[in-house]
Amino acid sequence: MLVMFPYPSGDRLHVGHGRNYIMGDALYRYQRMRGRRPLNPMGWDSFGLPAENAAIERQVHPSDWTQNNIAAMKEQFASWGILYDWSREVSSCTPQYYRWNQWLFLRMLEKGLAYKREAPVNWCPKCQTVLANEQVVEGRCERCRTEVVQKTLSQWFLRITDYAERLLGNFERLDGWPERVKVMQRNWIGRSEGAELDFELPDHGETLTVFTTRPDTIHGATFMVLAPEHPLVPRLLEGNPAREEIEGWIEKVRNTPRIQREAEERRKEGRDTGAAALNPATGERIPIWLADYVLPDYGTGSIMAVPAHDARDLEFARQEGLAVRLVYHPEDEEVTAETLIEPVLHHGVIRDAPPFDGAKDGPETLARFIDWVEEEGWGRRKVTYRLRDWLISRQRYWGTPIPVVYCDACGILPVPESELPVALPYDVEFSGRRGNPLERHEEFLQATCPECGGPARRETDTMDTFVDSSWYFLRYLSARDEERIFDSQLAAAWCPVDQYIGGIEHAILHLLYARFVTMVLHDFGLIEFEEPFSNLFNQGMITAFSEESGRIEKMSKSRGNTVSPDRLIDQMGADTERVYTLFLGPPEEEVEWNQEAVSGAYRFLNRVWRAAGKLEEAPPTGPADDELERLRNVAVERVTRDMEKFKFNTVVAALMELMNALGKALEESTASKLACEQTFDTLLQLMHPFAPHLTEELWEARGHVESLLDSSWPEYDEAKLAAARVTIVVQIDGKLRDRLDVAAEAAENEVVAAVMASPKVDQHLAGREVAKTIVVPGRLVNLVTRASS
RNA sequence: GCCGAAGUGGCGGAAUUGGUAGACGCGCACGGUUGAGGGCCGUGUGGGGCAACCCGUGCCGGUUCGAGUCCGGCCUUCGGCACCA
């Protein structure tokens with residue numbers, strides 16, 4: 001059992017955060033009462049930008065700031081009554097933790113899974129650092145919403161794309177994950193099947209390779225388009241009279257924020273390089289263009305343009321007056337390349353492409369084409385992913401130093417394992433000046449080359465904090481182990497995590513990275529399993545009305561719509577917050593916090609409290625004992641079933657119903673003291689995961705010696721669930737006409753006889769004949785008067 | 001545009017397998033307790049109608065003795081992806 005570890009931010013937790021931890025704690029307590037002993041650790045995802053920003057703004061050291069926040073959060077956890085095993089606590093900003101990040105990095109470097117490369121990257125001007133693709137949302141920085149710009153920098157990457165196929169394939173076995181998360185990850189990985197095709201550039205002696213999902217439309221490729229950033233561009237522009245203008249334009253495109261470049265309605269911009277390629281299918285010379293609609297980091301950064309069969313290429317061709325040629329001709333109408341307005345997609349028959357004439361658009365034709373280009377030798381089957389390698393370099397101080405050094409003589413070298421951890425220096429200057437403060441820390445910068453022993457310069461980039469969180473669950477098992485990242489035997493015993501609980505906002509980022517790193521650790525031979533989390537539960541967000549926007553939005557400090565648990569706990573107790581939070585609505589759904597409705601939970605707890613005082617007054621015997629006992633059993637059955645399904649909201653409803661029944665029996669003195677006490681004890685047990693403080697106190701007051709948490713979860717007796725008498729619904733032609741109270745075990749014919757004897761039935765039948773009688777035992781009788789057709 | 005989820009009282013939401021729609025709670029109304037307020041307790045509360053009854057789970061149609069639930073088509077909202085070749 002595991003709840004995602006939090007970032008210890010400087011803000012106090014609000015009730016929206018609480019949902020996560022309260023659910024986790026309720027489940028943990030429930031599991032314990034069921035006799036299981038799950039590990040319930042907690043830790044801190046404690047590296048990250050806010051700490052550094054706080055340092056710049058308030059002159060507090062990130063480390064001290066973080067420590068204070070951790071202490072404050074621990075206090076809040078305690079005030080919620082959450083039980084964590086603090087002996088296993090981990091904090092990612094400690095050298096004891098991050099040295100294993102470095103160790104992991106070195107192993108990945110060794111295996112070629114970590115590498116440095118110059119590439120266009122996302123740069124957040126506000127955070128002054130690069131971002132991974134996953135951290136760019138709608139062209140903006142995931143954290144601060146600033147527009148991300150493109151820069152070309154030399155950066156460290158992890159080869160997650162090598163694992164794309166496994167990350168997709170394993171979904172088959174991940175039955176315990178919500179479908180929506182799997183769909184999101186599938187979209188993100190974005191697998192496309194197609195082919196790579198080689199185009200000769202006769203004037204340059206070069207080959208241009210493109211990726212296409214439609215190699216079957218090659219005969220319609222009338223021009224080529226390269227991303228302006230494509231490495232071949234300078235050669236193609238040699239001798240072009242407009243070269244200077246084009247280079248200026250390329251520079252402009254390069255500096256355009258991603259959000260603008262990818263905007264939907266944007267007019268495509270392009271330039272003719274003047275160079276030409278040979279279409280390998282037709283042998284024709286076709287022009288090579290540059291255009292901003294071709295992205296540098298997908299496929300090969302270049303395409304064959306088939307305007308007749310691709311909307312984007314058609315738009316561009318019409319705009320620039322480029323040739324259009326049809327490969328597939330629709331069967332139902334005659335279209336010509338000149339008049340084509342919409343591309344012909346996924347229908348039609350091939351003409352004028354000799355061996356393929358008459359072939360219909362479809363997977364078979366596509367396969368024939370790929371076979372053909374492979375035989376011809378200028379193309380091959382290829383799968384491409386949207387997923388990019390994971391960029392982990394960050395130009396910031398508060399993160400794990402990347403353990404490499406640069407030596408003028410020997411190049412880029414890993415820090416030897418024996419020298420780990422590469423510790424983050426404490427005495428750095430937080431001036432808010434541009435750049436990473438590590439770059440100005442001479443002592444940190446100076447290193448010795450492990451190869452030649454000469455002077456070397458230390459890497460100043462630190463790792464993305466998602467590296468920290470991609471394997472932390474394994475560290476809980478070996479939190480104090482100085483010898484290794486974690487103990488494989490313990491991992492074999494405890495992992496994968498049976499139940500992982502956390503917010504949907506991590507559907508892609510954290511959960512994708514953690515899956516990737518787990519696979520890597522598997523491949524290193526450290527663990528048997530490939531998937532870290534067998535079952536995943538994503539609780540929904542808590543929302544609230546925001547004065548600022550006038551809308552109901554996710555509860556957050558920036559939106560000014562938070563509700564503090566501190567005052568609530570002060571006034572009505574932690575159990576009230578817990579019960580209300582769990583009662584609010586379906587746990588996996590987004591729910592709105594309604595401050596007024598909190599009192600419902602408070603009243604319920606007060607009723608329980610008062611009932612304890614009334615037990616003494618119950619009579620020695622009572623006529624309603626059997627019924628109370630039945631309701632007790634029903635409650636146990638319902639609560640147990642719904643706990644297993646995480647339907648906490650209906651669990652609370654069941655608890656309230658049992659309390660209402662008990663309250664009524666006590667009020668009216670209809671049940672014996674023994675029956676009331678027994679019911680009350682069961683109620684306390686069933687309620688304990690939700691309201692631990694109140695129930696534990698009342699349990700003790702009831703004279704029980706062992707703690708309620710250590711008591712065993714109540715069982716129910718199947719035979720006691722059924723009521724002696726049931727209400728039978730009487731329908732005539734499917735319409736409700738009467739209700740009858742009959743003995744539960746009454747025979748079918750007895751029930752029908754009772755139905756026929758009912759005056760209401762008689763009245764509604766009005767002499768019509770009953771053609772058919774449907775009896776659902778214990779539920780209803782339906783009399784059908786018309787002949788069924 | 002593609003993919004996914006969801007639409008039920010004034011509100012949050014219940015409803016095993018197709019079988020009493022609205023559990024539980026909030027709010028509201030009335031009554032009790034109280035000097036008063038609050039709190040607490042009780043009763044009522046989907047809409048229409050004096051009533052018998054009629055109508056009601058986004059809309060239209062279908063299957064069925066019977067549909068919130070199954071099938072077909074639409075509408076709306078939310079989420080993911082989106083110039084990805």
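On a predicted model such as this, the values are computed, not experimentally measured, just so you know. Computed over heavy atoms, backbone and side chain alike; hydrogens, waters and symmetry mates excluded. Within every chain, numbering begins at 1; the chains are lettered A, B, ... in the order of the sequence lines, protein sequences first and strands thereafter.
Distances shown here put a side-chain N or O of N649(A) below 4.0 Å from the OP1 or OP2 atom of A14(B). Between T773(A) and the phosphate of C65(B), there is no side-chain N or O to OP1/OP2 separation shorter than 4.0 Å. For N606(A), no side-chain nitrogen or oxygen approaches OP1 or OP2 of G39(B) to under 4.0 Å. Using a 4.0 Å cut-off, no side-chain N or O of R638(A) falls inside it from OP1 or OP2 of A23(B). When the side-chain nitrogen and oxygen atoms of R603(A) are compared with OP1 and OP2 of G27(B), one or more of them lie within a distance under 4.0 Å.
R578(A) places no side-chain N or O within donor-acceptor distance of the main-chain N or O of G573(A), the cut-off being under 3.5 Å. Remark: the backbone N or O of L167(A) is paired with a side-chain donor or acceptor of R515(A) at under 3.5 angstrom.
For N187(A) and C81(B), a side-chain-to-base donor-acceptor distance below 3.5 Å is absent, hydrogens and geometry of angles not being considered. Put simply, the side chain of K268(A) and the base of C83(B) share a donor and an acceptor less than 3.5 Å apart.
Map Y385(A) and E667(A) each onto its nearest nucleotide of RNA chain B; the residue landing nearer the 5' end is E667(A). Ranked by how close their nearest RNA chain B nucleotide is to the 5' end, E657(A) and E590(A) are led by E590(A).
Residue V183(A) is classed as a sugar-phosphate contact, given heavy-atom separations below 4.0 Å to backbone atoms only. V598(A) comes within contact range of no nucleotide atom at all, as no heavy-atom separation falls under 4.0 Å. Using a 4.0 Å heavy-atom criterion, one finds that R607(A) contacts the sugar-phosphate atoms exclusively. Across all strands, K647(A) comes closer than 4.0 Å only to sugar-phosphate atoms, never to a base (heavy-atom distances). Within 4.0 Å (heavy atoms only), N660(A) reaches sugar-phosphate atoms of the nucleic acid but no base atom. If you check every strand for non-hydrogen atoms under 4.0 Å, A597(A) touches sugar and phosphate atoms only. Counting any heavy atom pair closer than 4.0 Å across all strands shown, L584(A) reaches sugar-phosphate atoms only and no base atom.
No side-chain N or O of T365(A) forms a donor-acceptor pair with one of D216(A) less than 3.5 Å apart. Defined by atom type and a distance below 3.5 Å, a donor-acceptor pair is present between the side-chain atoms of E134(A) and W188(A).
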For every nucleotide of nucleotides 43-54 of chain B, 5' to 3': is a protein heavy atom under 4.0 Å from its base (B), only from its sugar-phosphate (S), or from neither (-)?
----------SS
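Here the separation of C3(B) from C74(B), taken at their P atoms, is 13 Å to the nearest Å. Comparing C59(B) with G10(B), their P atoms are spaced 14 Å from each other, to the whole Å. When the P atom is compared between G25(B) and G44(B), the two are found 13 Å apart, to the nearest whole Å. G47(B) and U8(B): their C1' atoms are spaced 14 Å apart (whole Å). Rounded to the nearest Å, the gap between the P atom of A29(B) and that of G19(B) is 37 Å.
In this entry the base of G72(B) is anti relative to its sugar, with a glycosidic angle more than 90° from 0.
Using a 30° and 60° split on the angle between ring planes, H506(A) and H510(A) fall in the perpendicular class, above 60°.
A salt bridge is absent between R267(A) and E269(A): the closest approach of a Lys/Arg side-chain nitrogen to an acidic carboxylate oxygen does not fall below 4.0 angstrom.
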